[in-house]
Undergrad: 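Input: one structure, supplied below.
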Protein chains: 2
Amino acid sequence: MANNKKTTIHDIAQKLNVTASTVSRALNENPRISENTRKAVLKAAKELNYEPNQIASALRSGRTQLIGMLVPNINRAFFSSIIRGVEEVANSLDYRVIVSQSSEIFENEESAVKAFLNVRVDGIIASIGKNTENFDHYKQVLDRGLPLVLFDRTTADLQTSQVVIDDYQGGYLATSHLIAQGCTRIAHFTMERKIDIYKERYRGYTNALLDHNIKPDENLLFSGNLQLEDGREHTLALLQKNQEFDAIFSASDYAAMGAMQVLKEKGLKIPDDVALVGFLNEPFTSFTDPPLTSVNQFPIEMGHTAANLFFDALHAGKKKVVPKKTVLQPELIVRASSLKEKH
Amino acid sequence: MANNKKTTIHDIAQKLNVTASTVSRALNENPRISENTRKAVLKAAKELNYEPNQIASALRSGRTQLIGMLVPNINRAFFSSIIRGVEEVANSLDYRVIVSQSSEIFENEESAVKAFLNVRVDGIIASIGKNTENFDHYKQVLDRGLPLVLFDRTTADLQTSQVVIDDYQGGYLATSHLIAQGCTRIAHFTMERKIDIYKERYRGYTNALLDHNIKPDENLLFSGNLQLEDGREHTLALLQKNQEFDAIFSASDYAAMGAMQVLKEKGLKIPDDVALVGFLNEPFTSFTDPPLTSVNQFPIEMGHTAANLFFDALHAGKKKVVPKKTVLQPELIVRASSLKEKH
DNA sequence: ATTATTTATGCAATCGATTGCACAAACAAA
DNA sequence: TTTGTTTGTGCAATCGATTGCATAAATAAT
């Protein structure tokens, strides 16, 4: 049973007294092959335990059925969920996903893209690193006529399809919700970056305030890295400056978590003294005490969308289509950290 | 600048009036090539902006520099961290990782392995699905002489390298710690599966009790799916049965989280009334209130180890080496949920 | 100076499938 | 019957790099 040599289309051809071309066409459902030979080929293929060599196929056809996927960090819930989403769609279409991470390091990003091109992936789905300002490696992808889809962290410098969530709307939803809970002095934790996402969340926050006739107060605005420690520091600063505040909207769940810790340490009640809203809907948000209200970005859906955009571009082929930009609507997941008793 | 046609070794060869063989050898640092031509080739390659076509190389050489990696779920912290670990080692050696998930469905596992073989990966690193009992697809991998490394969820049915953590030791550490905190009535949440890992944790639990002259009590043992809801149910059952207990060691953080919720709802103090220890060290464990003591499995290290075992097997080549089994030692991360004041 | 060895390169087959073009056979139209 | 189409296969080149074997040139040994 253990055929040591893998069987090729030539073996099938020989067995049936036809040529490899015929076998190849039969296997690829080419309409020019008669029903009889097609069946015979399929039967022989099964008997000989034939498995196609995708490498050989790829070399000749130029199609590897591989997608290169680049994320900043594989083991961040948001990104791993997006990978999952992409993988689901890709596998169902018999494509495979090669994953690399940049770890937010520009050189890694460059070399990963180069490696993808060397293995001749059929295209790339990527999220740009935080510190990336040069996009030549991505332009090479486009120059080769390969599909490139950017997600979450994108740039206007590249004319290509992208999928993002409506960060503005996320910020607006979160802030409006806090206002609806009766909060008027709402602090905001943000990050200053090239990336637009934080600016958008901030803009949503500001506009929500203005729409409800609340004047934004610079004293309530804090900029940092949005890690847990940053959240702690911002909150301590708020308390020490003796700033009056009754809510915090953090552009990241981690910083919100830091705030929660400090507030509890200081004996403040959440949400009654200070209501709290984060962003990302990290898995841990439902396990904190109180559970943390947050903005869901639907990462798996985002992965599906990215994959679909990818295949749209792939099937469009050479006829350059107008790049599509899909904006997903976020959802505010209200939990106890911001839900006050009726007032 | 935009060379539309990619340059090949033939272009380089032509430019230098040598043959493609020479160019190939020069690029692969074959010692039979003179220093001069090597340099000339390298220079010309750079000038012509040459990028190797790995597909062509793979077809001829039989080496794709691709590793197929199969996990139950990409977006589980434990697995995504292992992927990260594998990826770090692989990329540093110029290998790429193709990721697929089985979602614990046997058919997916089978077809993923088959797909890996079709793209001619150089080997596979995998964690077996919960319900997998037939290992023929993995045997095919071994039959082809390809390296196969199993991690975390393995089986004795396959003669191949594997890396696991010492689940027994994890269970023993956790339980001993609770005993050291003065607990004597320690409940255990486990799961009944083909997989050994839960049995081992349970065995560690039992032996730790026995070693401290505590008689295991069947009334304190609960079996389920170890999800949050299971933890809630088990805890409610404990309370309703009016079982005396002063600690819970759950084989999963999620079930431990369920226990924490119920205990708090019932007004019990953690750890003073009931001390709590989980397993996995999920990211959320440091964010609960109180933070949850848990057993760290070092997933990134596990990924590194799996990758190293993979490359060991790969370099060993045909000369079948004895499969290695690496057992990583887990670490108990003590947090407030189990740390009592001095007593 | 002649033979033996080493060094550097070329030749041509090969990996396994795909595909444009040619062509024979079968069938339809006139 | 003759010409025109359609249908089903074969031929042979091709994708781009690798590699066993042969060989010319350079060097060492006798």
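Keep in mind that this is a model prediction, so the values were computed, not measured. Labels below follow one simple rule: chain letters A, B, ... track the order of the sequence lines, proteins then strands, and each chain is numbered from 1.
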Undergrad: Of the nucleotides C:dT18, D:dT18, D:dT9, which has the atom closest to the A:Asn28 side chain?
TA: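 Comparing C:dT18, D:dT18, D:dT9 against the side chain of A:Asn28, the answer is C:dT18.
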Undergrad: Give the nucleotide from the list D:dG20, D:dT18, D:dT7 with an atom nearest to the side chain of B:Ala20.
TA: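 The answer is D:dT18.
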Undergrad: Does this structure show an ion pair linking B:Arg84 with B:Glu87, if we count only N-O contacts that are shorter than 4.0 Å?
TA: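 Looking at B:Glu87 together with B:Arg84, the answer is no, because their closest N to O distance does not fall below 4.0 Å.
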Undergrad: Select base, sugar-phosphate, or nothing to describe what A:Arg38 touches, counting heavy atoms under 4.0 Å on all strands.
TA: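 The answer is nothing, as A:Arg38 stays clear of every strand by at least 4.0 Å.
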Undergrad: Considering heavy-atom distances to DNA chain C, does B:Ser61 or B:Thr19 have its closest nucleotide positioned more toward the 5' end?
TA: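 With B:Ser61 and B:Thr19 compared, the 5'-side residue is B:Thr19.
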Undergrad: Taking the side chain of A:Ser24 as its heavy atoms from C-beta onward, which of D:dT19, C:dA17, D:dT18 lies nearest to it?
TA: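 My answer, after comparing the listed nucleotides, is C:dA17.
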Undergrad: Tell me the interatomic distance from B:Asn30, atom CG, to C:dA8, atom P, rounded to whole angstroms.
TA: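 One finds 10 Å between P of C:dA8 and CG of B:Asn30, rounded.
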Undergrad: Got a second to check how far B:Ile124's CD1 is from B:Ile98's CD1, nearest 0.5 Å?
TA: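 Separation between the atoms: 9.5 Å.
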Undergrad: How would you label the contact of B:Arg120 with the nucleic acid (heavy atoms, under 4.0 Å): base, sugar-phosphate, or nothing?
TA: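 Since no nucleic acid heavy atom lies under 4.0 Å of B:Arg120, the category is nothing.
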Undergrad: May I ask you to evaluate whether B:Arg32 reaches the phosphate of D:dC21, defined as a side-chain N or O under 4.0 Å from OP1 or OP2?
TA: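 No, outside the criterion.
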Undergrad: In whole Å, I'd like the distance from the CG atom of B:Asn118 to the P atom of C:dA17.
TA: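 To the nearest whole Å, that distance equals 10 Å.
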Undergrad: From the set C:dA17, C:dG10, D:dT9, return the single nucleotide nearest to any side-chain atom of A:Ala56.
TA: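 Of C:dA17, C:dG10, D:dT9, C:dA17 is nearest to the side chain of A:Ala56.
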Undergrad: To the nearest angstrom, how far is A:His10 atom NE2 from C:dT18 atom C1'?
TA: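 Roughly 10 Å, once rounded to whole Å.
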Undergrad: Output the rounded distance in Å from CD (B:Gln65) to P (D:dA17).
TA: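 Between P of D:dA17 and CD of B:Gln65: 15 Å.
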Undergrad: Would you kindly give the CG-to-P distance between A:Asn53 and C:dA17, to the nearest whole Å?
TA: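 Spelled out: CG on A:Asn53 to P on C:dA17 is 6 Å.
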Undergrad: Within the 4.5 Å heavy-atom criterion, are A:Ile12 and A:Leu48 side-chain neighbours or not?
TA: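 When only atoms from C-beta onward are counted, A:Leu48 and A:Ile12 do touch, with a gap below 4.5 Å.
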Undergrad: Which nucleotide in the set C:dG10, C:dC21, D:dA17 lies at the smallest distance from any side-chain heavy atom of A:Arg25?
TA: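 Output: C:dC21.
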Undergrad: Mind checking if B:Val23 touches a base, just sugar-phosphate, or nothing, with heavy atoms under 4.0 Å?
TA: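 Answer is nothing: B:Val23 stays at 4.0 Å or more from every strand.
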Undergrad: For A:Leu59 and D:dC15, give me the distance from atom CG to atom C1', rounded to whole Å.
TA: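 For the pair A:Leu59 CG and D:dC15 C1', the rounded distance is 4 Å.
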Undergrad: What's the closest nucleotide to the side chain of A:Ile33 if the choices are C:dT7, D:dT9, C:dG16?
TA: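 Within the option list, the nearest is D:dT9.
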Undergrad: When you measure from the side chain of A:Thr132 to the backbone N and O of A:Asn134, does any donor-acceptor pair fall under 3.5 Å?
TA: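 No; judged by distance alone, with no hydrogens or angles, the pair does not exist.
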Undergrad: Using only side-chain N and O atoms of B:Thr37, determine if any of them is under 4.0 Å from OP1 or OP2 of C:dT9.
TA: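 B:Thr37 to C:dT9 OP1/OP2: side-chain N or O found under 4.0 Å.
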Undergrad: Taking 4.0 Å as the cut-off, does a side-chain nitrogen or oxygen of A:Ser57 come that near to OP1 or OP2 on C:dG16?
TA: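 Indeed not, no polar side-chain atom of A:Ser57 lies that close.
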Undergrad: Could you tell me whether a side-chain N or O of B:Asn53 sits under 3.5 Å from a main-chain N or O of B:Ile55, the two making a donor and an acceptor?
TA: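 Confirmed, B:Asn53 side chain pairs with B:Ile55 backbone.
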Undergrad: Over all strands shown, is A:Ser21 touching base, sugar-phosphate only, or nothing at heavy-atom distances under 4.0 angstrom?
TA: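 The residue A:Ser21 makes base contact.
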Undergrad: Rounded to whole Å, please give me the gap between CD in B:Gln14 and P in D:dG16.
TA: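 About 14 Å, once rounded to whole Å.
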Undergrad: For the pair made of CD1 in A:Ile55 and C1' in D:dA17, what is the distance, rounded to whole Å?
TA: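 After rounding, the gap between these two atoms is 13 Å.
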Undergrad: To the nearest 0.5 Å, what is the distance between CZ on A:Arg144 and CG on A:Leu142?
TA: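 The distance works out to 12.0 Å.
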Undergrad: Can you figure out which of C:dT18, D:dG10, D:dA17 approaches the side chain of A:Arg60 most closely?
TA: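 The answer is C:dT18.
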